[in-house]
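To start, the structure under review is shown below, and the notes come after it.
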Amino acid sequence: MQVPIEDRIAIEDMFTAYCAAIDERSDANVAASYYTEDGVLDNRALGSPLIEGRGAVQETIGGMFASMANLEHYLSNFLLQSMDANAAAAQTYVQAYGTPKGGDAFAMRGIYRLEARRADGVWRIARLTFLPFG
Amino acid sequence: MQVPIEDRIAIEDMFTAYCAAIDERSDANVAASYYTEDGVLDNRALGSPLIEGRGAVQETIGGMFASMANLEHYLSNFLLQSMDANAAAAQTYVQAYGTPKGGDAFAMRGIYRLEARRADGVWRIARLTFLPFG
Amino acid sequence: MQVPIEDRIAIEDMFTAYCAAIDERSDANVAASYYTEDGVLDNRALGSPLIEGRGAVQETIGGMFASMANLEHYLSNFLLQSMDANAAAAQTYVQAYGTPKGGDAFAMRGIYRLEARRADGVWRIARLTFLPFG
C-alpha cells in the first residue's frame with residue numbers, strides 16, 4: 001500500500017489531537033468534533049453501550065469529563081492498514097491512565113481500531129473501537 | 001543524514017508491523033517473515049542464546065507463542081542512526097508486557113537496536129538486539 | 001497549518017535524539033548542545049529553579065548525570081502546534097522513569113511543551129517545559 005505521506009500524517013495527527021482534547025477534559029464539543037456526523041464510539045469491550053452519532057458521542061464525552069479528575073492516553077505503534085482517497089483504517093496501541101473524581105487511579109492497555117473518513121479535506125473518526133490486551 | 005522520508009517510514013512501519021505480528025501470537029511464519037533469510041535475533045541480554053537464521057527465528061517465536069498468554073510491545077523514540085540505499089540502523093525504545101500461560105505478568109523496558117536490509121524493495125530485520133534499561 | 005514534512009520530522013527527531021542523550025547519561029555537553037545559546041529548561045513544576053542559557057543547562061544536566069543511576073524517557077503523542085520558517089511550538093507526552101544512585105526508582109508522566117528555533121539549518125530547543133499530569 002503506497003499512500004501519500006501527507007495523508008498518513010494527517011490521520012495520525014488527527015487522532016493524536018483528539019486524544020489531547022480528551023485528556024484536556026475541557027470541551028466535549030471540541031473533542032466530539034473529531035468524529036463524523038455519524039461517527040461511532042465502540043467501548044463495548046469495557047462494558048459501555050455502543051455510542052452512535054456525534055451528538056451522542058459528545059454527550060458521552062461530556063459525562064466522562066464531569067466524572068474524571070485525570071485522563072492520559074499514550075499512543076504508540078501507529079499502523080495504517082488500508083487507505084483510499086477518502087477512507088482509511090488504522091490502529092494504534094494505547095496505554096491509558098485515569099482517575100475518577102473521588103476514586104482510585106486505574107490503568108488500561110489495548111489497541112484502538114480507527115476507521116477514518118475524509119470530508120471537505122478533513123479526516124475524522126468514523127468509528128473508534130477499543131480492544132483491551134490480555 | 002538526509003534520507004528519503006518514504007524509506008524512513010517504511011522501516012519504522014516494518015518494525016511496528018513485526019511487533020503487531022508478535023503481539024497477535026497467531027502465526028510464527030508471518031512474524032519470522034520480517035527477518036532476512038540470515039536474520040539474527042539477539043536477546044542474549046535476557047539470557048537467551050543467539051538465534052541465527054529465519055528458520056531458527058521462526059522456531060523461537062513459535063515456542064514463545066506456545067508459552068505466552070499475552071504479549072504487548074509499546075514502541076517509541078524511533079531514531080534512524082544510519083542509512084544507505086539498502087541498509088539502515090535504527091533504535092526504538094520499548095515498554096513490553098508479557099504473561100506466560102499459567103504464570104505471572106511481567107514488564108520489561110529497554111532499547112531495540114535494529115539493523116535493517118532491503119531486498120526486492122522490502123525492508124527486513126537483519127539483526128534485532130534487545131538492551132534492557134537499568 | 002501546512003508545514004514541510006521534513007521540518008516536522010527534523011523537530012521530532014531532534015527531540016528524540018536529545019532524550020536519547022539524556023538517557024545515555026554520558027556527555028552533558030552533547031545533551032546541552034540541543035539547546036539554543038539562550039535556551040531555557042523549565043522544570044519548575046517539579047520544584048526546580050528556571051534554568052536559563054546553554055551553559056546553565058549543561059551544568060544542570062551534568063549534575064543530573066552525576067546523581068542518577070538510570071533514566072528513561074518514553075515519548076509519544078507528538079503534536080506540532082505552530083510553525084513558521086525558523087520557529088515552532090510542539091508538545092509530546094512522556095512517561096519517564098528514574099533511579100537515583102543509592103535511591104529508589106520513581107516514575108513520572110506528563111507533557112513536554114517545546115519551543116524550537118532553527119539557526120544555521122539546525123533545529124534546537126529554545127524552551128522546554130515539563131507539565132506533569134494529574
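So you know, we letter chains A, B, ... as the sequences are listed, proteins then strands, and number each from 1. On a predicted model such as this, the values are computed, not experimentally measured, just so you know.
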### CA sep, side-chain torsions, deciding dist, call: C/Q95, A/Y97, side-chain contact (heavy atoms from CB on, under 4.5 Å)
CA-CA 11 Å; C/Q95 301 167 272; A/Y97 300 89; 3.5 Å; yes

### Residue pair A/H73 / C/N77: nearest heavy atoms and the distance that separates them
O-ND2, 2.8 Å

### Task
With chain C as the partner chain, list the residues of residues 17-33 of chain A whose heavy atoms fall under 4.5 Å from it, by residue number, and write 'none' if nothing qualifies.
A/A17, A/C19, A/A20, A/D23

### Summary
Among residues 104-134 of chain C, those lying within the under-4.5 Å heavy-atom range of chain A are C/R109, C/G110, C/F133, C/G134

### Query
If you measure from CG on A/L75 to CZ on C/F78, what distance do you get to the nearest 0.5 Å?
14.0 Å

### Summary
The reported gap from CD1 in A/I9 to CD1 in C/I5 (rounded to nearest 0.5 angstrom) is 4.0 Å

### Summary
Rounded to the nearest 0.5 angstrom, the OG-CD distance for C/S76 and A/E72 is 10.0 Å

